[in-house]
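Just so it is clear: chains get the letters A, B, ... in the order the sequence lines come, proteins before strands, and each one is counted from 1.
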Amino acid sequence: MVKIAITSQGPTLDDHIDTRFGRAAGFIIIDPHAMTFDYLDNGACQVRGQGAGIQAAETVARAGAEAVLTGYVGPKAFKALSAAGIKIGADLHDVTVREAVRQFNEGRITWTDRANR
Amino acid sequence: MREIVVISGKGGTGKTSVTAAFAHIGRSGGKTQAVICDLDVDAPDLHLLLQPRPVTTHQFASGHEARILPETCTACGECASRCRFQAICVDGAVPYIDPLKCEGCNVCVTFCPVGAIAFEPKVCGTWHRSQTRFGPMVHALLRPGEENSGRLVALLRDQARHYARANGLDLILADGPPGIGCPAISALTGVHLAVVVAEPTPSGRHDFHRAVELCQHFKLNIATIINKADLNPQLNAALQQDCRRMHIPVIAELRHDMAFTHALMQAQTVTEFKDGALAAKLRRAWADILTTNTP
Amino acid sequence: MIVAIASGKGGTGKTLTAASLVRTWAGPVVAVDLDVEVPNLHLFLNPRITGRQPAFLQVPVVDNAKCDRCGRCADFCQFRALSVLGATVMVFDQMCHGCGGCKDLCPQGAITWGSRELGEIAWGGIGDDHFLMGRLRVGEAMSPPLMRAVKTRLKEWTPAAHSDVIIDAPPGVSCPAINAVMDSDVIVLVTDPTPFGLFDLTLAYKAFVPLNKPLAVVINRDGIGGEAVDTFCRAHRLPVLARIPYDLQIAAAYAGGRIIAEQANVYWTLFSNLGDQLRMLGPEGRQVGYA
């Protein structure tokens with residue numbers, strides 16, 4: 001079973017993608033074929049301050065995700081995700097989680113090989 | 001959502017007064033209501049002009065602090081020999097940890113052979129979500145002498161975004177910290193526009209370049225405001241040329257004006273205090289910020 | 001003696017005061033710029049720089065051949081500089097404070113020291129006096145380790161009895177400011193008489209009082225604001241040792257990179273008097289007072 005992680009502003013597939021990786025409101029961990037998913041709240045990053053990107057990478061790696069769909073990935077998070085062997089689809093904006101999954105299933109995600117900023 | 005941060009490198013260039021004026025202009029413009037944010041948590045001054053009324057107040061805890069328990073300590077000196085911050089003083093009967101030097105790394109706690117060092121969470125400050133006459137504001141105050149101001153800055157930015165998202169607001173306007181270290185980096189990463197307030201003095205120009213270099217390091221959009229432009233015409237021209245060379249727009253050139261101080265004495269923004277040429281320039285600069293600022 | 005020139009708020013005239021104090025100081029002096037994020041003192045004192053060297057912080061390097069990914073280092077690190085990800089332990093060295101705990105703790109001995117460049121230290125002379133500064137690398141977040149390196153260099157370099165030291169400290173009241181002033185004998189707080197100046201002076205006072213060192217105030221741009229700073233100083237028995245008047249000539253001289261004490265006899269006298277009074281607050285001055 002493939003699992004991908006999508007940064008989400010809320011717990012449903014109709015919530016919008018959260019464009020920030022480390023400071024996303026939460027992660028939807030989904031099997032893109034069966035469309036079964038879990039929501040992991042990332043609210044704790046608000047008290048964590050710095051290092052949120054690394055922590056988020058650890059979270060999605062622990063959840064067993066093989067790919068991440070998000071907006072921006074900073075350099076530390078990029079390094080961490082790459083080390084964990086997780087593919088990164090960045091630059092998604094203004095789409096719902098459902099739409100992002102559809103793009104993934106249709107093979108329309110461009111995988112990035114560098115951090116956004 | 002767009003985040004605009006006003007910084008300067010050097011303190012005292014007028015960063016806070018300019019931010020406050022933008023908060024006022026943004027409000028009277030109507031459409032572009034911003035969440036106002038004071039990220040200079042070390043010595044915050046924006047509240048003196050905006051007079052926020054706190055809606056909620058929270059403690060900010062970050063990191064830990066080591067403390068020796070005298071009843072258990074055998075004064076073996078292991079902690080002092082391992083501490084890389086020279087925070088542990090062993091000349092008394094029982095070693096003493098200087099809280100000002102302790103960085104909360106946990107080394108002494110981990111290696112104490114008799115478990116005589118406590119590791120306690122540290123409250124480093126407070127933060128508030130408030131209302132001002134120009135809209136919502138998040139701001140904080142670090143406890144004097146504390147560290148981790150970078151973490152508090154990151155927390156305020158999170159709270160500002162959270163509030164903006166929950167209330168359908170699209171803009172965050174922040175007064176940034178001086179310098180180019182931890183708090184400045186924390187305030188700048190990932191913002192959509194850094195407005196650098198410069199002044200034509202040797203320190204002003206030197207620090208302007210340090211601030212710009214930091215923004216470029218993070219690949220940010222930059223705009224410049226030159227304040228007190230008439231203080232040194234040669235250096236003003238040099239700053240203008242620096243900006244042209246680096247393709248940084250100069251969105252306002254302001255003369256040295258006592259109106260800033262007079263407004264401050266009355267807890268007003270300079271644009272509330274006096275509507276004239278200065279206010280017109282600041283309004284144009286704000287309009288430029290809103291139009292040139294694309295992520 | 002060591003005099004630290006500090007302020008809560010930036011731009012109140014800290015560097016202006018430090019430069020004039022160095023120039024008018026009676027006896028040999030070392031001018032030290034510890035405002036390593038944005039050092040400015042050299043712009044006014046124009047020292048001949050005779051040496052410079054980069055400063056480094058020791059940070060961990062993980063040997064992935066020896067590492068068995070037990071994760072103890074990552075669990076230990078308070079600054080999240082280490083993380084077990086997939087088959088490797090990653091070091092995020094920019095987060096590291098250099099405490100050395102991970103290295104001491106590693107059961108496999110898989111951690112060795114590497115280094116992160118913090119910035120540089122530069123030194124030289126100003127006439128018969130000495131000059132020393134630190135300059136943080138742009139992008140480096142932590143200034144206290146570089147400040148420690150500057151202070152170490154200062155100790156190696158000057159026999160303490162020989163020269164007095166004047167430190168230009170960073171603004172603010174958090175760790176870098178405390179770091180800059182904690183080894184000094186006297187702390188001077190430069191402020192201006194505006195509400196901003198007063199608020200930040202109040203913060204600086206609260207931050208520095210626990211250090212148990214003599215504190216004194218210099219009011220810059222005297223006359224532009226109100227009486228509130230004076231009232232505060234009286235209430236807390238903070239001596240106001242000098243008042244630099246609000247004078248556009250001073251602003252213009254500063255903007256031209258000139259030293260205020262050299263602009264007029266009254267200013268030379270103002271700063272040399274300030275120096276005399278600071279010496280009275282220092283350890284030797286206090287001894288004379290007791291005798």
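- When each of Leu41(C), Leu203(C), Leu248(C) is scored by its heavy-atom pairs under 4.5 Å with chain B, the top score falls to Leu203(C).
- The CG atom of Leu50(B) sits 5.5 Å away from atom OG1 of Thr132(B), with the distance rounded to the nearest 0.5 Å.
- Options Phe79(C), Phe199(C), Phe208(C) differ in how many heavy-atom pairs under 4.5 Å they form with chain B, and the most are formed by Phe199(C).
- With a 4.5 Å cut-off on side-chain heavy atoms, Asp257(B) and Lys274(B) count as touching.
- Using a 4.5 Å cut-off between heavy atoms, Thr261(B) touches chain C through its side chain atoms alone.
- Geometrically, Arg221(C) does not engage Tyr246(C) in a cation-pi contact defined by less than 6.0 Å to the ring centre and at most 45° from the axis.
- Contacts of His47(B) with chain C are made by side-chain atoms alone, with heavy-atom separations under 4.5 Å and no backbone atom involved.
- Contacts between Glu213(B) and chain C at a heavy-atom distance below 4.5 Å involve backbone atoms as well as side-chain atoms.
- Ring-plane geometry between Phe85(B) and His97(C) is classed as perpendicular, the angle between the planes exceeding 60 degrees on a 0 to 90 degree scale with a lower cut at 30.
- Ranking Arg84(B), Arg143(B), Glu103(B) against chain C, the residue ahead of the rest is Arg84(B), based on heavy-atom pairs under 4.5 Å.
- Salt bridge present: Lys122(B) and Glu146(B) bring a charged side-chain N and a carboxylate O closer than 4.0 Å.
- At a 4.5 Å heavy-atom cutoff, the contact between Leu43(C) and chain B is made by side-chain atoms alone.
- At a 4.5 Å heavy-atom cutoff, the contact between His256(B) and chain C is made by side-chain atoms alone.
- For the atom pair CG of Leu146(C) and CZ of Arg137(C), the computed distance is 10.5 Å after rounding to the nearest 0.5 Å.
- Near-neighbour residues of residues 225-236 of chain B relative to chain C, defined by a heavy atom under 4.5 Å from a heavy atom of that chain, comprise Leu231(B), Asn232(B), Leu235(B).
- Residues Leu189(C) and Val218(C) fail the side-chain proximity criterion, which asks for heavy atoms closer than 4.5 Å.
- Interface check for chain B: of the options Gly225(C), Gly101(C), Ser174(C), Gly256(C), the most heavy-atom pairs under 4.5 Å are formed by Ser174(C).
- Per-residue heavy-atom pair counts under 4.5 Å with chain B were compared for Pro39(C), Gly257(C), Gly13(C), and the maximum is reached by Pro39(C).
- The residue among Pro176(C), Ala228(C), Gly98(C) with the most heavy atom pairs within less than 4.5 Å of chain B is Gly98(C).
- Annotation: Glu117(C), atom CD; neighbour count of heavy atoms from other residues, nucleotides and ligands within 6.0 Å is above 12.
- Both the backbone and the side chain of Pro44(B) have a heavy atom closer than 4.5 Å to some heavy atom of chain C.
- Contacts with chain B were tallied for Ile178(C), Leu211(C), Thr15(C), Asn179(C); Ile178(C) has the most, counting heavy-atom pairs under 4.5 Å.
- Phe208(B) pairs by the ring-ring contact (aromatic ring centres under 6.0 Å, His included) definition with nothing, not counting sequence neighbours.
- The pair Glu262(C)-Arg23(C) meets the salt-bridge criterion, since a charged nitrogen lies less than 4.0 angstrom from a carboxylate oxygen.
- Phe44(C) touches chain B through its side chain: at least one heavy atom from C-beta onward sits under 4.5 Å away, while N, CA, C and O do not.
- Using a 4.5 Å cut-off between heavy atoms, Arg258(C) does not touch chain B at all.
- Nearest heavy atoms, Ala169(C) versus Val181(C): CB-CG1, 4.2 Å.
- For His128(B), the ring-ring contact (aromatic ring centres under 6.0 Å, His included) partners at least two apart in sequence or on another chain are His139(B).
- Heavy atoms of Leu142(B) lying under 4.5 Å from chain C belong exclusively to its side chain.
- In this structure, chain C has a heavy atom under 4.5 Å from the side chain of Lys101(B), while its backbone stays farther away.
- Contact record, Ala31(C) with Leu45(C): CB-CD1, 3.8 Å, taken as the closest heavy-atom pair.
- Within a 6.0 Å sphere centred on CD of Gln266(B), other residues, nucleotides and ligands contribute more than 12 heavy atoms.
- Remark: His236(C) engages Tyr205(C), Phe232(C) in a ring-ring contact (aromatic ring centres under 6.0 Å, His included) (not counting sequence neighbours).
- Note: Met265(B) leads His64(B), His217(B), Met265(B) in heavy-atom pairs under 4.5 Å with chain C.
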